[in-house]
Amino acid sequence: VPVPLDDSHEFTEEDLRFAERYLRTHYDLRPNPTGIMKKSANTMASKLREMQAFFGLEVTGKLDEETYELMQKPRCGVPDVGE
Amino acid sequence: YNFFPRKLKWSKTNLTYRIMSYTSDLRRAEVERAFKRAFKVWSDVTPLNFTRIRSGTADIMISFGTKEHGDFYPFDGPSGLLAHAFPPGPDYGGDAHFDDDETWSNDSRGYNLFLVAAHEFGHSLGLEHSRDPGALMFPIYTYTGKSGFVLPDDDVQGIQELYGAGDRDPNPKHPKTPEKCAADLSIDAVTKLRGEMLVFKDRFFWRLHPQMVEAELVLIKSFWPELPNKIDAAYENPIKDLVFMFKGKKVWALNGYDIVEGFPKKINEMGFPKEMKRIDAVVHIDDTGKTLFFTGNKYWSYDEETEVMDTGYPKFIEDEFAGIGDRVDAVYQRNGYLYFFNGPLQFEYSIWSKRIVRILHTNSLFWC
């Protein structure tokens with residue numbers, strides 16, 4: 001899973017899939033089955049930045065422990081951004 | 001506060017809702033009361049009226065479902081996604097769905113149906129998620145306690161921009177979220193916690209990482225649901241890896257997220273006189289192993305090792321810490337200095353030379 005990672009934490013593949021699903025559900029990350037480079041606005045890194053900015057976390061564009069911990073919290077299913 | 005694209009809203013003020021299904025976690029009457037109270041949160045501050053209908057199609061159709069439940073936005077089993085709702089509009093517009101794989105309650109157990117419903121109905125009326133961690137429309141669930149719920153100011157501003165203000169607000173004083181760089185910022189308490197610094201204000205605390213400039217604002221109850229809001233004082237005993245929090249005559253001991261069993265205790269169990277009403281501020285001084293408690297214009301010294309109050313106290317603050325004023329809101333120690341907070345000012349006091357060496361704004365704590 002092409003998730004930019006912060007080297008502070010070991011994430012399992014399942015963690016990464018969860019993070020990808022989270023960004024798809026709440027930050028309008030589009031699937032990219034072909035793996036061809038997407039427009040920069042829809043990369044995983046840009047969506048991570050969007051989420052980190054929304055929650056007032058340090059904006060790194062990388063999945064770090066704090067961002068992942070926040071993804072675990074129970075929440076509303078309506079997206080935070082987008083249509 | 002945020003709106004949906006095109007600022008979707010209802011073009012009428014009299015709206016209907018219908019409860020299509022129930023959860024087995026609560027009695028029907030409890031579910032109905034939770035939803036009625038949730039709608040009242042919004043009708044109290046706008047001209048909106050909500051009427052329940054028992055047949056036909058209502059503006060806001062409410063139901064419980066699990067996983068894929070008919071709208072192609074599946075729920076995900078226990079926890080995770082709790083509920084969702086659609087912005088104003090025909091058909092699904094305004095409808096609210098609740099994940100029945102959750103445990104719904106009318107108290108702090110599981111997820112409080114009233115709180116989640118009030119949030120979802122905010123979406124039904126046209127509000128999107130807010131970035132304000134104190135807002136009802138913040139996307140993450142936090143149980144905000146038993147005492148009467150009052151809609152935070154951020155949500156009031158948002159909904160009134162859509163529908164205007166009503167004329168029947170029973171609680172016009174809506175809690176605001178503090179601004180860390182406000183010139184007149186004062187704080188309730190400050191403590192270190194495993195290398196971070198926590199600065200308490202009203203329902204919140206800021207988390208300050210040593211390496212970061214940005215402080216993260218968090219609701220106290222999102223970390224410690226059992227703690228009261230607006231605490232009086234806090235300090236860390238690094239040897240025991242415990243943080244003690246004070247409010248009124250009570251003290252809580254925390255080990256990370258957990259409250260130590262047997263707490264809260266009464267502060268007079270620590271050796272304070274029974275008539276002591278509250279602790280204003282407290283600081284642990286690593287080098288001496290003493291903890292100083294400030295209350296009113298006096299302070300006490302407590303020996304952490306022997307767990308006994310030192311004799312000869314209380315003493316007048318002015319006698320030992322001349323110039324910091326006769327009241328302390330909060331205090332912490334760093335590198336041989338004590339930082340006393342009094343309203344919008346903080347006093348940097350040198351323990352070694354026993355005098356104030358600098359006066360700063362309280363908000364300079366946040367590099368403002």
Side-chain angles (χ1 to χ4, degrees), chain A residues 1 3-9 11-31 41-42 45-83, chain B residues 2 4-6 8 69 71 73-76 78-87 96-99 102-103 110-112 115-120 122-124 127-133 136-143 177 180 196 206-207 209 211-218 222-223:
Chain A
V1 180
V3 178
L5 292 178
D6 184 73
D7 53 12
S8 67
H9 187 64
F11 290 111
T12 65
E13 187 172 326
E14 191 184 330
D15 296 338
L16 301 180
R17 293 210 178 283
F18 178 86
E20 187 187 26
R21 259 196 326 272
Y22 189 95
L23 294 173
R24 202 180 297 136
T25 305
H26 303 297
Y27 287 86
D28 200 23
L29 173 68
R30 309 288 170 73
N42 205 283
S46 71
K47 292 304 178 183
L48 275 169
R49 273 194 290 277
E50 243 181 298
M51 175 194 168
Q52 288 162 339
F54 186 94
F55 286 105
L57 298 174
E58 187 185 5
V59 180
T60 62
K62 292 178 180 175
L63 183 65
D64 56 36
E65 189 173 337
E66 209 159 357
T67 306
Y68 186 72
E69 192 180 303
L70 201 135
M71 287 178 171
Q72 303 298 304
K73 294 190 173 185
R75 58 160 291 155
C76 169
V78 174
D80 295 333
V81 293
E83 286 291 319
Chain B
N2 289 300
F4 288 102
R6 298 179 303 285
L8 294 171
H69 51 277
D71 60 28
Y73 291 99
F75 286 135
D76 57 353
S79 207
L81 306 179
L82 305 181
H84 56 219
F86 295 86
H97 302 161
F98 296 82
D99 185 352
E102 313 303 344
T103 300
Y111 298 102
N112 184 279
L115 276 176
V116 176
H119 172 99
E120 297 308 329
H123 290 313
S124 303
L127 287 179
E128 212 182 38
H129 284 147
S130 169
R131 295 174 176 232
D132 177 341
L136 172 63
M137 294 314 290
F138 191 66
I140 290 179
Y141 174 83
T142 297
Y143 179 66
T177 299
K180 65 178 187 307
E196 288 183 24
W206 283 282
R207 285 175 71 181
H209 297 257
Q211 292 87 20
M212 283 175 50
V213 172
E214 271 308 309
E216 183 190 356
L217 184 66
V218 189
S222 67
F223 265 59

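Since this is a predicted model, take the numbers as computed values, not measurements. The chains referred to below are lettered A, B, ... by the order of the sequence lines, with proteins before strands, and numbering in each begins at 1. Hydrogens, waters and symmetry mates are skipped; everything else that's a heavy atom, side chains included, is used.
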B/Tyr73 OH: over 12 foreign heavy atoms closer than 6.0 Å: no
Option that, when pairs with chain A are counted at under 4.5 Å, heavy atom only, ranks first among B/Arg131, B/Glu102, B/His209, B/His119: B/Arg131
Heavy-atom pairs under 4.5 Å with chain A, option from B/Pro139, B/Ser222, B/Ala215 with the top count: B/Pro139
[X] versus chain A, heavy atoms under 4.5 Å apart: side chain, backbone, both or neither?
{"X": "B/Tyr141", "answer": "both"}
{"X": "B/Ser130", "answer": "backbone"}
{"X": "B/Tyr111", "answer": "side chain"}

Contacts of type side-chain contact (heavy atoms from CB on, under 4.5 Å), residue B/Phe75, not counting sequence neighbours: B/His69, B/Leu81, B/His84, B/His97, B/Asp99
Partners meeting side-chain contact (heavy atoms from CB on, under 4.5 Å) with B/Ala85 (sequence neighbours left out): B/Ala96, B/Glu120, B/His123, B/Ser124
Interface moiety of A/Leu70 toward chain B, non-hydrogen atoms closer than 4.5 Å: both
Minimal non-hydrogen separation, B/His129 against A/Phe54, with atom names: CB-CZ, 3.9 Å
Inter-residue atom distance B/Glu128.CD - A/Asp80.CG, 0.5 Å rounding: 8.0 Å
Interatomic spacing from CZ in A/Phe18 to CG in B/Asp76 - rounded to 0.5 Å: 8.0 Å
Side chain to side chain contact (heavy atoms under 4.5 Å, CB included) evaluation trace for B/Glu216 with A/Glu66: CA-CA 11 Å; B/Glu216 183 190 356; A/Glu66 209 159 357; 3.0 Å; yes
